[in-house]
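This report refers to the structure that appears directly beneath it.
Lettering follows sequence order; numbering is per chain, from 1.
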Protein chains: 2
Amino acid sequence: MAVTMHDVAQRAGVSIKTVSNVVNGYPYIRPATRERVEAAIAELGYRVNVSARNLRTRRTGLVTLAVPELSLPYFAQLADAVMSAADAAGWTVLIEQTSASRERETEVLSGRRRHLTDGLIFSPLALGPDDIDLFTVDFPLVVLGERVFGAPADHVTMNNVAAAKAATLHLASLGRRRIAVVGAHAGQEVGSAALRTEGYRQGLAEAGLPYDPALVVEAGPWHRSTGAEAMARLLDAGVEVDAVFALNDALALGALHALHAHRVDVPGEVALMGFDDVDDARFAVPALSSVDPGRDQIAQTAVDLVLQRIGASGDPAPFRRVVPDSRIVGRESTGEDGSVVGVQPGGTELVAADLTVA
Amino acid sequence: MAVTMHDVAQRAGVSIKTVSNVVNGYPYIRPATRERVEAAIAELGYRVNVSARNLRTRRTGLVTLAVPELSLPYFAQLADAVMSAADAAGWTVLIEQTSASRERETEVLSGRRRHLTDGLIFSPLALGPDDIDLFTVDFPLVVLGERVFGAPADHVTMNNVAAAKAATLHLASLGRRRIAVVGAHAGQEVGSAALRTEGYRQGLAEAGLPYDPALVVEAGPWHRSTGAEAMARLLDAGVEVDAVFALNDALALGALHALHAHRVDVPGEVALMGFDDVDDARFAVPALSSVDPGRDQIAQTAVDLVLQRIGASGDPAPFRRVVPDSRIVGRESTGEDGSVVGVQPGGTELVAADLTVA
DNA sequence: TTGTAAGCGTTATCAT
DNA sequence: ATGATAACGCTTACAA
């Protein structure tokens with residue numbers, strides 16, 4: 001049988017309330033009493049029963065982070081950052097994988113595990129604008145990503161258009177004139193592909209470069225393999241290219257392989273820029289230039305927001321849309337040395353105050 | 001105020017016990033009663049209070065998985081597999097990152113979060129044979145990896161020596177005679193590097209090839225970058241090589257880059273074999289041959305074992321050491337087509353029965 | 001097949 | 001500054 005507060009109280013010759021006070025750092029305790037209690041705790045090897053505390057306080061101290069897949073480096077690193085931020089605030093993160101399936105994503109919002117934690121940080125990939133009703137929930141929720149805008153919840157997202165525009169302009173500023181984009185999703189109007197492609201177009205326009213459809217390469221799922229295929233297609237088609245903007249780093253790494261295989265020198269003949277700035281980018285050969293969308297800031301902000309909602313009692317604070325600063329990191333693949341060559345400022349926007357968080 | 005079983009009972013005109021029975025799938029309930037209760041649950045939107053249940057049953061339904069870092073692809077994929085296996089059994093996984101620090105690894109075994117879950121699957125990297133006392137614990141524990149052998153706990157590990165030997169023999173069977181190994185840790189006697197290097201030596205011996213220290217390349221942390229450096233060192237030294245066995249896939253991927261950079265054809269001039277069979281291996285160009293250490297089986301077994309211990313009441317079952325089968329997957333980097341070219345059978349071993357799991 | 005009632009180990013209210 | 005005591009919502013003997 002486990003040691004309880006009662007046992008400790010008896011041993012220390014105090015009431016159970018006093019033990020509780022000591023355990024929870026209540027300040028007004030006579031030092032002598034505190035010491036006696038602490039000694040008893042140590043002798044008996046007492047540990048608070050988390051379930052009992054949770055029942056009583058109606059809090060679990062846990063927050064869920066729901067992402068598509070941990071094996072995608074971006075999400076693994078995001079999870080890492082979220083856990084660190086939560087840790088620092090004394091909270092614990094429960095990770096949930098959705099495999100980007102509608103069913104699992106719906107379950108995250110209303111399924112069996114919903115009640116295991118006090119709040120949810122959710123990066124949807126299957127659910128989209130049409131599912132916005134599902135996001136109208138009565139618990140602290142922070143939405144990540146660019147699938148769902150306008151849900152009655154806090155939202156942390158990226159500077160997609162501005163960052164993609166800046167990346168394109170950066171390639172132009174290096175003297176590149178035939179800038180291809182890899183990873184477009186034709187016909188799609190929502191999500192990262194659409195936004196980043198739009199940024200690419202704006203960048204071209206501002207640089208005074210023509211928009212050439214032959215330079216826009218589709219790549220369905222944003223994986224290394226599809227990036228390699230897309231790049232090979234572009235090269236095999238004989239299209240003239242002197243720079244490639246891949247819409248994420250997996251695509252860029254795949255493209256890098258294809259360029260190598262075709263004996264195209266990077267950055268000599270073709271400069272290459274990715275997006276996400278995952279660890280792999282730094283370690284690639286040549287090191288990959290990329291857009292850092294502010295992953296750590298996203299994680300920190302998401303944790304701050306969800307904890308604020310959890311802590312908020314009653315007052316329906318307006319929902320916030322937060323966009324961290326993003327940075328362009330120039331490495332070998334664009335002939336640079338690894339320094340930040342551009343910053344796109346983010347910002348915070350207040351949205352509404354419809355929902356009372358219970 | 002949240003809906004409780006009491007409310008449901010009232011609404012359905014039954015006792016709280018009956019509601020509990022329905023919720024927990026107790027079979028002997030009159031269908032009519034069950035329907036009434038289910039209707040009430042639906043109308044009221046009732047959900048069980050997990051904390052109350054946990055307090056009463058002394059179970060949380062959670063299992064901790066402690067790994068060094070999610071951003072290492074092997075561990076991200078292991079976490080994925082463990083979560084899936086636990087999911088299938090109706091359990092939830094709480095992931096903990098240790099950053100391979102002694103402090104964090106010690107905390108996992110005895111820290112604040114220990115009591116959040118019913119059991120622990122632990123892959124230590126900092127703690128080693130000298131810390132075996134820390135592993136003598138009174139809760140269900142399954143140890144993973146090759147840092148700690150002989151702890152009073154179940155242990156799931158890999159076929160390191162046999163698999164490395166088979167990989168080496170396989171390269172020899174392809175006609176390679178100058179087989180280098182990348183990732184050795186000189187002077188270390190415990191851990192994956194030592195075991196796999198030993199397998200390499202055994203493989204050479206059995207193939208009748210001489211052991212040449214010039215072909216044994218050190219690489220401290222097993223990252224892509226160190227693999228690239230190590231490979232470059234080997235090539236720059238002008239050592240004759242026609243095959244490379246990298247002790248994990250990150251090293252192999254790094255080596256692949258270096259080989260490309262040196263314009264060495266893979267597999268034409270040099271055949272390359274990794275270890276771990278992470279997703280990246282399949283997507284590399286050329287696709288990387290690797291040793292699949294049975295990751296999914298490791299995950300499944302670890303979950304089975306920890307759940308068995310959690311379920312076991314009193315009887316001190318003997319500790320088991322389980323080694324899954326491992327497979328050699330031959331892909332383009334050894335001139336093959338992606339099929340399994342060798343299986344090293346694992347096995348189970350019973351160890352002792354000292355510890356009574358509470 | 002269903003109901004009654006006693007805790008599980010905390011925290012919180014209210015005294016003192 | 002500390003003590004009694006009543007919940008928190010559920011499971012589980014035991015009864016009926």
What is the minimum heavy-atom distance between B:D296 and B:A81, and which atoms define it? OD1-CB, 3.7 Å
If we count only N and O atoms by modelled type, under 3.5 Å, do the side chains of B:T60 and B:N54 hold a donor and an acceptor together? no
Compute whether any side-chain donor of one residue and acceptor of the other, for B:R320 and B:Q308, lie under 3.5 angstrom apart. yes
From the candidates D:dT2, C:dT11, C:dT10, the one with an atom nearest any side-chain atom of A:Y46 is C:dT10
Neighbour count >12 (heavy atoms, 6.0 Å) for atom CD, A:E103: no
How many Å lie between CG on A:D7 and P on C:dG9, as a whole number? 9 Å
Rounding to an integer number of Å, can you tell me how far A:M5 CE sits from C:dA12 C1'? 12 Å
Please find the pair of heavy atoms, one from A:H155 and one from A:V143, that lie closest to each other, and give the distance. CD2-O, 3.1 Å
Rounded to whole Å, the NE2-P distance (B:H6 to C:dA5) equals 12 Å
Residue pair A:F149 / A:P129, side-chain heavy-atom distance below 4.5 Å: no
Does the side chain of B:Q300 pick up a donor-acceptor pair with the side chain of B:D304 at under 3.5 Å? yes
Round to the nearest Å and state the distance from A:N24 atom CG to C:dG9 atom P. 17 Å
A:S20 vs C:dT10: side-chain N/O to OP1/OP2 distance below 4.0 Å: no
Using a heavy-atom cut-off of under 4.0 Å over every strand shown, decide if A:N54 touches base, sugar-phosphate, or nothing. nothing
Using only heavy-atom distances, determine whether the side chains of B:E96 and B:T64 contain a donor-acceptor pair under 3.5 Å. no
Within this structure, what is the CG-to-C1' distance between B:N21 and D:dC14, rounded to whole angstrom? 14 Å
DNA chain C contacts among residues 29-38 of chain A, heavy-atom distance under 4.0 Å: none
Looking at C:dC8, I'd like to know if its phosphate oxygens (OP1 or OP2) sit under 4.0 Å from a side-chain N or O belonging to A:N49. no
Taken to the nearest whole Å, CZ/A:R53 to P/D:dG9 is 18 Å
Nearest-Å distance for atom pair NE2/P, residues B:H115 and C:dT10: 11 Å
Using only heavy-atom distances, determine whether the side chains of B:T92 and A:R113 contain a donor-acceptor pair under 3.5 Å. yes
Indicate whether OP1 or OP2 belonging to C:dA12 is found under 4.0 Å from a side-chain N or O atom of A:Y26. no
Can you find a donor-acceptor N/O pair under 3.5 angstrom joining the side chain of A:R56 to the base of C:dT10? no
Smallest separation among heavy atoms of B:Y46 and B:V48, with atom names: OH-CA, 3.3 Å
Nucleotide nearest A:R58 (side chain, heavy atoms from C-beta), chosen from D:dT2, C:dG9, D:dG9: D:dG9
Between B:R102 and B:T106, the two heavy atoms sitting closest are O-OG1, 2.7 Å
Tell me which residues in residues 11-19 of chain B lie within less than 4.0 Å of DNA chain C, going by non-hydrogen atoms. B:V14, B:S15, B:K17, B:T18
What is the distance, rounded to the nearest whole Å, between atom CZ of A:R59 and atom C1' of C:dT11? 14 Å
Rounded to 10°, tell me the angle between the two end axes of the helix from C:dT1-D:dA16 to C:dT16-D:dA1, each built from five pairs. 30°
Could you give me the CA-CA distance, side-chain angles and deciding distance for A:E146 and A:T157, then say whether side-chain hydrogen bond (donor to acceptor under 3.5 Å, both in side chains) is met? CA-CA 7 Å; A:E146 16 280 335; A:T157 184; 2.7 Å; yes
